[in-house]
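Heads up: the structure comes next, in structure tokens.
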Amino acid sequence: MSRTAKILSLLFIAFWVLTAFVPALIAPADPLAINPSQAFQAPSGAHIFGTDESGRDVFTRVIHGAGDSLYIGLAATALGMGLALVLGTAAALAPRWLDEVILRVLEALYSVPSLLMALLIIAFTGPGVGPAIVAVGLSTAPGYARLVRSQIRTLKNSEMLEAATVLGRGTWRKVRNHLVPNALQPLLALVTLGIGQAVIWAAALSFLGLGTPPPAPEWGAMLSAGRTYLHLAWWLSFFPGLAIVVVAAGATLIGRALGGKVKAI
Amino acid sequence: MKLLAWLGRKVGGALVVLWLVATAIFIGVRLIPGDPAEAIMGGPGSQASAEALANARSEYGLDLPIVSQYFLFLAKLIRLDFGTSYSFKDPVLQIMGEVLPPTINLALMALAVAWLLALLLALLAMRANKFGQLLGNAVEIVAAAVPHFWLGAVLIMLFSSMLGWLPAVANGTAAGLVLPVLTLALPLAGFLTQLMRDSLNTAMGSQFALAARARGESRLTVFRRHGLRHAALPALGLTGWAFSSLLSGAVVVEAIFARPGLGRSLLSAVLARDIPMVTGIALFSALVYIVVMALTEAIERLIDPAGAES
Amino acid sequence: MNPLLAVENLCVSFAGQHAVDAVSFELNAGECLALVGESGSGKSVTARSLLGLSGGRVSAEKLVVCQEDALTLTEPAWQKIRGSSVVMILQDALMALDPLRPVGREIEDVLKEHGTLNRAARSTKVLEALASVDLPDPERRMKQRSTQLSGGMRQRVLIAQALIGDPQIVIADEATTALDSRLAALVLKQLAALKDEGRAVLMISHDLAQVAQLADRIAVMRSGKIVESGTTEQILNHPQHEYTRTLLRAIPSGVPRFAPLSTKAITSEPRQLPPTDPDATPALVVENLSKSFSRHPAVIEAGFVLPRGSTLGLVGESGSGKTTTARMILGLERPDAGSVTLLGERFAPHGEAARRNLRENIGAIYQNPLGSFDPRYSVGQILTDALSAGRSKRGSGYKDQVARLLEQVELDPDLSGRNPRELSGGQRQRLAIARALAPEPQVLVLDEPVSALDVSIQATVLDLLDRLQQETETSYLFISHDLSVIEHMSDLVAVMYQGRIVEQGSTAEVFGDPQHEYTRSLLTAMPRLR
Amino acid sequence: MRRNQRATRLFTGALALPLAAALIAGCSSTNDPAASKDAEPVAGGTLVYASGDAEPSCLDPHVGGNYPQALVASQFMESLFTKDAEGKIIPWLAEKTEVSTDGLTRTITVRDGITFHDGTKLTSEAIKANIEHLQNPNTASSTGYLAVGKVDRIKLVDELTAELKLSAPDNALLESLSMPWTAIQSPQGLKRDQAANCAAPAGTGPFKVESWDRQQAVNLVRYEDYVSPAADAERASATSYLDGITWRFIPEAASRYAALQSGEVDVIDNPQPDTISTAADNGLGHLDAPRPGASNRLELNSSKAPFDDVRVREAFMHSVDVNSGINSLYFNTAKRSYSLLSSVEPLGISDESKFTTDATKANELLDAAGWTQRDSEGYRVKDGKRLTLKFPVSTNQSVPAEQSLFEQMQAAAKPVGFEIKIELLDLSSWYGALAKHEYDLVSAPYTKVGPSVLRILFHSDSTVPAPSGYFANNAQVKDPKLDRLLVDAEQTNDETERAELYKQAQQIVLDGYYVMPLYDQQNHFLYSKNVHGMGQTTAVSSPIYYNVFLDK
């Protein structure tokens with residue numbers, strides 16, 4: 001990863017972490033404060049992203065919404081990746097027949113469109129932040145599990161591990177010293193790619209009215225609420241959507257810079 | 001004979017997968033709170049009397065013990081009898097017949113457009129200078145990061161409300177298809193391009209590309225005869241996943257552009273706890289995924305007989 | 001008549017760095033010039049610049065290719081002469097042919113670019129070309145892809161591809177390097193035929209022995225310059241430049257056992273290993289070892305004995321089963337039948353846990369060592385890990401042991417902080433040897449240890465192995481397809497062909513008086529300098 | 001009659017079912033862009049209608065019974081009675097009717113010479129067949145089923161007259177029989193299986209169902225043998241001007257409006273408030289037909305803390321500023337209501353004094369009620385419990401503007417000390433929350449023609465849940481005096497006494513601060529400039545296209 005790429009990625013991550021944890025630093029106003037008389041102001045000096053149907057400042061809400069959206073994105077990816085690590089590693093290290101069984105299960109989960117799986121989970125748990133995390137996490141897990149499995153299988157059959165066998169290393173020491181550390185780096189890249197997609201998924205659920213409850217300024221919810229005033233106030237949907245694209249694109253860039261190869265997410 | 005063995009394995013695998021999906025849905029949907037009988041009578045708000053709820057339960061076999069319900073369910077599936085949809089009162093198979101074609105049609109066109117765009121972008125990236133490469137790279141990554149629902153809304157705003165070139169809503173004409181297909185195709189194209197560009201670069205920098213140049217072929221001919229094939233291979237492998245992601249995207253796009261299709265019935269079926277419909281849709285999309293995977297694998301074996309075995 | 005190829009003061013630079021610096025040479029019809037040099041010497045860049053494909057910034061006083069002034073050629077003009085008047089044969093046929101297209105189509109491309117024949121005429125011409133390089137069953141092979149052909153057949157396709165355009169100049173860029181000796185001999189014969197037909201042949205190689213068979217004149221290149229050039233006879237027998245001499249010395253064929261190949265070897269006169277005690281338990285006993293993969297046999301009843309402190313050379317072409325045998329001996333592959341006894345104790349087939357403590361007696365060296373190192377470990381950490389049997393990689397307690405090991409393999413101790421990726425091929429192989437020797441094994445299995453190295457580097461590594469064997473009395477199982485290396489390094493030799501050991505005995509017996517007809521064909525194909 | 005909520009699906013689209021008929025212009029107001037009054041009606045052309053509601057699962061309004069069904073069924077089915085401009089019940093398919101002195105026998109005679117779409121003649125047999133179809137549990141009717149709750153037996157007197165034997169006097173029966181959900185369809189048609197009847201019910205309306213390709217459109221065509229019960233002399237022909245109507249479903253509000261602007265569709269329903277306010281200067285016509293029955297209002301659950309204390313309920317009324325929210329969110333297309341009933345209901349009373357915005361009064365009341373301490377976030381606390389109000393909102397019931405209004409209330413109530421927790425739920429989960437009493441505040445639009453809706457909403461009997469867990473009295477009002485008033489009002493035949501009884505009943509509910517009225521149930525339609533003759537609506541304020549025509 002070239003030096004400039006490293007600096008840019010760190011800046012990008014620092015900005016969004018700051019925004020997520022201390023939004024007041026960048027947007028001091030209260031994202032929930034309503035001011036009906038100021039409703040539907042176009043982007044201007046006072047309100048760079050304009051105001052929404054209740055007169056709330058869209059810029060403030062986008063900044064404060066970062067915490068909600070990134071929280072869901074990170075938590076969902078962690079859940080999805082955690083599950084994938086367990087399933088993928090098990091499949092890769094297991095004897096042939098167990099590998100075949102897990103592969104078939106993954107194939108089955110993988111063949112059902114992830115949104116259908118998310119909807120089934122939401123129907124079971126009801127809408128909200130927690131269920132959105134579980135839904136996005138579970139529906140992306142099969143994709144990750146397949147990648148983890150292939151990653152660990154290539155490592156398992158690598159010359160490096162054979163050399164370690166010849167040097168007399170036991171299975172446990174080979175896994176701890178060589179297999180896991182070398183599997184982590186590409187997986188880390190995959191995780192960053194995953195975060196971008198997870199933020200989009202969470203927003204999609206809010207778009208369908210199944211994600212974060214009002215009045216939280218989660219990007220997907222804002223975008224979904226904004227689309228009914230599309231003709232009158234395009235900025236209500238445009239800027240939260242832009243924030244999603246910036247985060248997702250940024251995450252992909254950093255993921256690729258970390259060496260993550262684009263595979264099926 | 002080898003083909004028969006491959007086909008046998010494929011069908012066997014497919015049946016196992018479909019069985020797993022059916023079982024998962026059978027269990028999953030029953031975990032959803034709310035009384036299925038109510039769903040039959042039109043949702044919990046219905047004023048259906050206790051007696052009406054009872055005969056709905058018996059008619060749909062919901063009063064049988066769970067295990068026999070499961071085997072009854074499997075037996076009917078084998079005879080391709082998906083049961084009757086609670087909300088539409090019509091056989092699921094018939095509804096799927098009406099609802100599946102437009103979605104598959106939309107997904108196929110989106111896939112084709114995504115492929116064309118990806119190849120074009122990969123070719124441009126190959127010929128472009130340093131700045132062109134960077135620009136191409138950025139376009140890919142942003143395209144892959146755009147959520148369908150935002151893109152759809154922006155496209156409607158731009159091309160229909162402001163410019164008025166294209167209809168906002170599907171009206172059966174070709175023009176009505178442009179925006180929905182673009183909304184689905186652009187993010188996928190961004191994804192495929194990143195894939196194709198990597199494999200294209202390796203192919204164009206390879207020894208056999210040098211050998212081809214040494215035979216007097218121009219860069220473009222080398223791309224046409226060698227680069228294209230190598231660029232397409234990995235993207236082909238992803239088509240199965242791409243197709244199922246298009247089905248997910250269809251839920252949103254069909255709502256925004258008011259197009260009939262699997263997507264819309266999917267969401268309504270889940271929210272209305274319409275168990276037969278949900279099972280039908282899940283199995284159909286799983287079947288579509290498996291068929292697409294088998295097709296792409298067959299094409300892959302054509303292009304790269306050696307590679308397929310590894 | 002003026003030369004087909006005339007180069008004066010050719011310079012090729014990449015971002016300011018001069019890869020080729022003021023090179024001049026000429027080549028006439030019916031003549032073969034060899035550009036000899038090691039990797040990084042600029043010989044390949046020079047060859048590619050003759051086709052305008054060097055990729056760098058080219059400048060020259062004169063660059064005439066087939067009577068055309070190459071300096072003024074436009075790209076379309078270049079395309080007209082590439083493949084028709086001047087052709088290039090690349091090193092590895094597997095890489096030079098597109099795995100996704102039928103080989104026949106790849107040959108036909110030449111005719112499409114430079115001819116006006118219709119489809120039918122073109123395919124008959126392709127068939128003729130394939131027949132002329134005596135490729136068996138051309139109709140069927142034409143439609144197959146390169147991955148479905150054997151090494152020999154692929155090489156014949158490459159040559160057919162070169163011939164079909166009826167070129168005046170043929171550039172062979174390392175065309176024989178990756179080949180087994182018998183196949184290399186075949187290619188050299190065909191290149192000779194091209195020369196006799198009046199074509200000009202430019203041969204690029206790093207192997208003086210092979211080049212000597214064909215070249216009329218030789219130019220020796222080093223870091224972008226031609227250090228010496230002259231007739232083959234002059235270069236071989238009266239080398240002027242020091243570098244040429246080191247190249248000649250480094251060629252192992254005909255050099256007696258333990259005689260040093262590189263000037264840097266510490267001891268000068270060849271030393272003999274004390275005769276092995278016949279009734280001591282042998283280091284390694286292999287009895288009718290067999291293994292087949294999904295029904296086709298790779299190794300059939302292979303058996304041999306490796307006495308203590310000596311070297312057994314296992315030689316055979318690629319695909320003869322030597323690597324599978326090595327993997328079974330190292331316990332990385334379960335044998336279908338037969339057994340391996342290490343220092344009197346059963347080693348294979350055996351439960352992995354049970355044989356783990358025996359593993360310290362046997363080490364392994366691979367062809368490209370980088371793959372066998374954990375990419376995250378530095379040189380010091382790799383050795384510490386080996387010394388501490390995996391318990392730690394940063395233990396300070398092992399600092400001086402690491403330094404001693406590095407010195408033992410003639411590596412500079414302050415390399416220990418570097419990552420193997422930053423080392424040269426030779427240095428990496430020395431690190432691999434150091435790691436293998438850390439647990440002081442009795443037996444070392446070396447699978448093609450030097451095939452990927454340049455001749456001069458190969459010489460230093462072989463000398464190191466000799467020295468280490470004399471110091472530690474480790475027995476070597478030395479596996480290679482290169483007969484001259486085997487002859488120089490081995491006390492005993494076993495010849496493998498299609499999974500079977502067809503002949504074995506002392507090096508003198510096998511090389512002097514070969515019994516098996518396959519061994520004889522191997523030896524005739526072996527390039528001999530001395 | 002009870003609420004009509006069938007499980008409508010998908011995204012937006014408010015639904016409710018009121019009952020109001022207007023033979024002529026009715027109580028709806030229209031402002032046509034072009035002065036269409038004088039334009040000559042021209043026959044021909046197919047109108048394209050785009051509905052924002054979910055596609056009904058059955059076109060026969062007997063089955064289930066929600067507003068989207070009423071909107072489309074009003075074109076091809078007619079009811080026995082309807083309401084005129086002043087809101088008085090008048091006969092439609094029925095010719096005349098009378099009731100026995102003890103109020104237990106209602107005789108109805110249908111008009112002669114009217115035929116159903118399947119060619120069969122309208123006879124008294126149709127009244128019997130339709131009412132029995134509604135009462136048959138397999139029809140799974142909910143709205144129609146309750147409307148004819150009190151009918152025990154039906155005796156056919158002659159070919160055109162039928163006698164309905166009632167279990168108890170019901171002065172709201174005629175109002176119930178003026179709804180599309182009790183409209184009359186061919187007895188022959190009802191004999192078919194439910195799926196067939198759902199796809200193409202045989203009514204008597206000016207249009208008939210030609211085909212229904214699911215998720216795309218319901219195609220209606222002119223019924224050539226239509227006989228209008230109210231013969232209109234100067235009308236050129238008895239049949240409709242339009243050749244047919246293409247009834248489409250476009251759930252996405254922005255796409256629906258864009259389709260209207262680009263001319264792809266002629267009429268849309270459920271337009272967003274901002275597009276209504278700018279309709280005139282975009283050259284679009286606007287039909288405003290507020291739905292009768294109950295007003296849109298918040299009901300406070302008085303059966304559990306904190307709203308079991310009337311002072312807390314009153315404090316809540318004064319802690320929010322609804323008016324400014326309505327103006328900014330609804331662009332003045334909705335008028336604030338202070339009544340339990342729709343402004344269309346003649347017997348409705350309103351009491352603005354109860355709902356003034358007065359934070360100091362609210363704080364005083366809360367302090368008096370013991371909610372004196374405040375926790376770290378500024379919410380009021382009493383005996384350790386925070387003043388939290390659980391507010392489940394159904395995405396199908398509340399349009400985006402209404403959801404934003406609730407968010408504004410949430411923000412305004414915080415400084416006073418109320419923590420309002422809004423929970424957006426799909427319809428099934430919303431009903432689940434209500435059935436389990438997991439709510440303090442709820443907005444549940446409820447529709448019934450006439451003031452008798454008050455008995456359903458506020459009588460203590462309505463706190464007893466039906467088998468499906470559903471109950472209508474969300475405010476959980478249990479007041480014996482109120483119960484007696486509501487029952488007597490339904491039994492009396494004297495109009496003035498009925499008005500007086502309903503007036504006292506409403507005053508009790510208002511004084512108890514059980515309900516915070518918001519505005520009439522919104523029912524807007526936008527149509528392009530080449531559509532003329534809009535305005536005629538049914539008893540449920542759903543437009544009728546019999547008199548509508550298109551520019552050529």
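A note on names: the letters A, B, ... follow the listed sequences, proteins ahead of strands, and every chain is numbered from 1. Atoms considered below: every heavy atom in the structure, side chains included; atoms not considered: hydrogens, waters and symmetry mates.
For the pair D:Arg256 and D:Phe249, the cation-pi test (distance below 6.0 Å, angle within 45°) is failed.
Between chain A and the residues D:Ser328, D:Pro273, D:Ala412, the most heavy-atom pairs under 4.5 angstrom are made by D:Ser328. Between chain A and the residues D:Gln408, D:Glu423, D:Lys414, D:Lys421, the largest count of heavy-atom pairs under 4.5 Å involves D:Gln408.
The aromatic ring centres of A:Tyr71 and A:Phe21 sit 6.0 Å or more apart.
Comment: A:Arg61 engages A:Asp52 in a salt bridge, judged by a side-chain N to carboxylate O separation of less than 4.0 angstrom. D:Arg374 and D:Glu377 are not joined by a salt bridge, as no carboxylate oxygen comes within less than 4.0 angstrom of a charged side-chain nitrogen.
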> Would D:Arg336 and D:Asn327 count as a side-chain contact (heavy atoms from CB on, under 4.5 Å) if you check the C-alpha gap in whole Å, the side-chain angles of each, and the deciding distance to 0.1 Å?
Replying inline: CA-CA 9 Å; D:Arg336 174 63 192 277; D:Asn327 296 343; over 6 Å; no
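Interface residue A:Leu232: backbone and side-chain heavy atoms are both found under 4.5 Å from chain D. D:Gln403 does not touch chain A: none of its heavy atoms, backbone or side chain, sits under 4.5 Å away. Within the 4.5 angstrom heavy-atom criterion, no atom of D:Tyr330 approaches chain A.
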